[in-house]
Amino acid sequence: MGLKVRKAVFPVGGLGTRFLPATKAMPKEMLPVVDKPLIQYAVEEAAAAGIEEFIFVTGRGKTAIEDHFDHSFELEYTLQQRGKQEEYQSLSSLIKLPGSISYIRQQEPLGLGHAVWCARHLIGNEPFAVLLADDFIYSSTPCLKQMIDVYQSGVMVAVMNVESRHVNRYGIIDILEESQKQIKVKAVIEKPSPDEAPSNLAIIGRYILDAKVFEHLSRQESGAGGEIQLTDALSPMIHEMPFYGYRFDGVRYDCGSKGGLLAASIAVALARDELREEVVNELSKVMPQSINPV
Ligand code: UTP
C-alpha cells in the first residue's frame, strides 16, 4: 500500500488573459463546460479519488469560486418553494464537510510554482495532489484516481503525447524507462523548443507531490516566461525520490484555450442523451458541407 493522499491544491490564482474580456470580473475556472464550471469538475474528480481536504489558491477577483462552493440560501429556498428538486439537488452536492475547504491568497500571480508554494502551511509534511482545472480530462475513471491507485511515494505527474510543434507550451519529460502506464523520468524541461525537447511527452495538470517540493519552491527562482515554474522545482526531485510520469486513460482538453473549451463543451454535450440530438442539429446548421475541418 502506498502513502495516503488526503489533500489537494487547486491553483486558481492566474489571470486567464487568453479569455479576456470574459475573465475580467470572473475567474477562468468558473467558465462552464455545458452546465458546470471547470473548477467543479476538478473538485468532483478529487473527491472521487478520495481527497478529503480541498485547498484553493486564489487571487483577487476570485470570490465567485468561494460562493460557488457555499450555500446560496435565497436560491435554495426559492428552488424548494417551486418544487425544483433536481436543480436543488445539483446545488446541495457542492457543499463539502464543514472545514474541508480552505482558501489561500496568492497576492501576486508569480507563476504556478509560486501558487503551490502558497499552500505549504496547509499541506505540512505529507504527499498531496495538485489539479489544474483548465486541464479538463474526460475519462471513465477520474484521472487523479487512476494515479492515486498506483502511487506509492515520491512524485507522480500525468503525461500525454502532444504534437511536436506544441512542446514549447508544456513541461516535457525525458524518459528513463517505461513499464505499462508508468514512466520512470530522467529529466523534466519547462517549455523547450521543438529542437531541444527530449520527447513529446508533456506534463498535464494532475500531480501527486512529495512535500519536499516546498524546499525547492522556497528558493523562488523564476524560469520560463519570468514565472516561478513548478516544473523547475520538480527537476531536482528526480534524484531524491521515485519520480514517475503516468499515461492516463482519457481525453484531455486544454480549457485554458478557446478552442479547447469549445471542443470540451461539444464533446460533453454529445455524450449526454438529453442534449445530443439538439447539439447535432445545431452543429449541422453552423457547419455546412462546404466548410472542411482543417
Ligand atoms: P496558466 O498558465 O493557464 O495561466 O496557468 P493563466 O494566467 O491562468 O492564464 P493565461 O495564460 O493568462 O490565459 C495554469 C494554472 O495555474 C494557475 C492558473 O490559475 C491555472 O489554473 N496559476 C497560474 C496560478 O494559480 N497562479 C499563477 O501565478 C499562475
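For ligands, and for the atoms within them, numbers begin at 1 and follow the listed sequence.
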For residues 222-235, dump all side-chain donor-acceptor pairs below 3.5 Å to protein atoms at least two apart in sequence or in another chain.
unit_1	atom_1	unit_2	atom_2	d
Q229	NE2	A224	O	2.8
T231	OG1	E190	OE1	2.4

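Ionic pairing of K4 and E126 is not present here: no N-O contact between side-chain nitrogen and carboxylate oxygen is shorter than 4.0 angstrom. With respect to the salt-bridge test (charged N to carboxylate O, under 4.0 angstrom), the residues R82 and E87 do not qualify. Between K186 and E177 there is no salt bridge, since no side-chain nitrogen of the basic residue lies less than 4.0 Å from a carboxylate oxygen of the acidic one.
Distance from atom 12 (O) of ligand 1 to its nearest protein heavy atom, with residue and atom name: T17 OG1, 2.5 Å. Closest to atom 25 (O) of ligand 1 among all protein heavy atoms lies G13 N, 2.8 Å. Ranking protein heavy atoms by distance to atom 24 (C) of ligand 1, first place goes to G14 N, 3.3 Å.
Both the backbone and the side chain of L112 come within 4.0 Å of ligand 1, counting heavy atoms alone. Both the backbone and the side chain of P109 come within contact range of ligand 1, each with a heavy atom under 4.0 Å. Of all the heavy atoms of D134, the ones lying under 4.0 Å from any atom of ligand 1 belong exclusively to the side chain.
Residue contact check: A115 has heavy atoms under 4.0 Å from atoms 24 (C), 25 (O), 26 (N) of ligand 1. Near L15, the atoms of ligand 1 lying under 4.0 angstrom from a non-hydrogen atom of the residue are 6 (P), 7 (O), 8 (O).
Distances from ligand 1 to the non-hydrogen atoms of Q106 include at least one value under 4.0 Å. Contact annotation: G111 has at least one heavy atom less than 4.0 Å from an atom of ligand 1. Residue contacts with ligand 1 leave out A133, since none of its heavy atoms falls under 4.0 Å from the ligand.
Relative to atom 1 (P) of ligand 1, the option among K258, Q229, K28 with the closest non-hydrogen atom is K28. Between the choices E108, R18, E29, the shortest heavy-atom distance to atom 2 (O) of ligand 1 belongs to R18.
Listed by chain and residue number, I137, Q146 satisfy the side-chain contact (heavy atoms from CB on, under 4.5 Å) test with S139 (two or more places apart in sequence, or in another chain).
Between Y41 and F136, a ring centre-to-centre spacing shorter than 6.0 Å is recorded.
Figure legend: K181 and F248 shown without cation-pi pairing, the cationic atom not lying both under 6.0 angstrom from the six-membered ring centre and within 45 degrees of its axis.
Of the N and O atoms on the side chains of H216 and E240, at least one donor lies less than 3.5 Å from an acceptor on the other residue.
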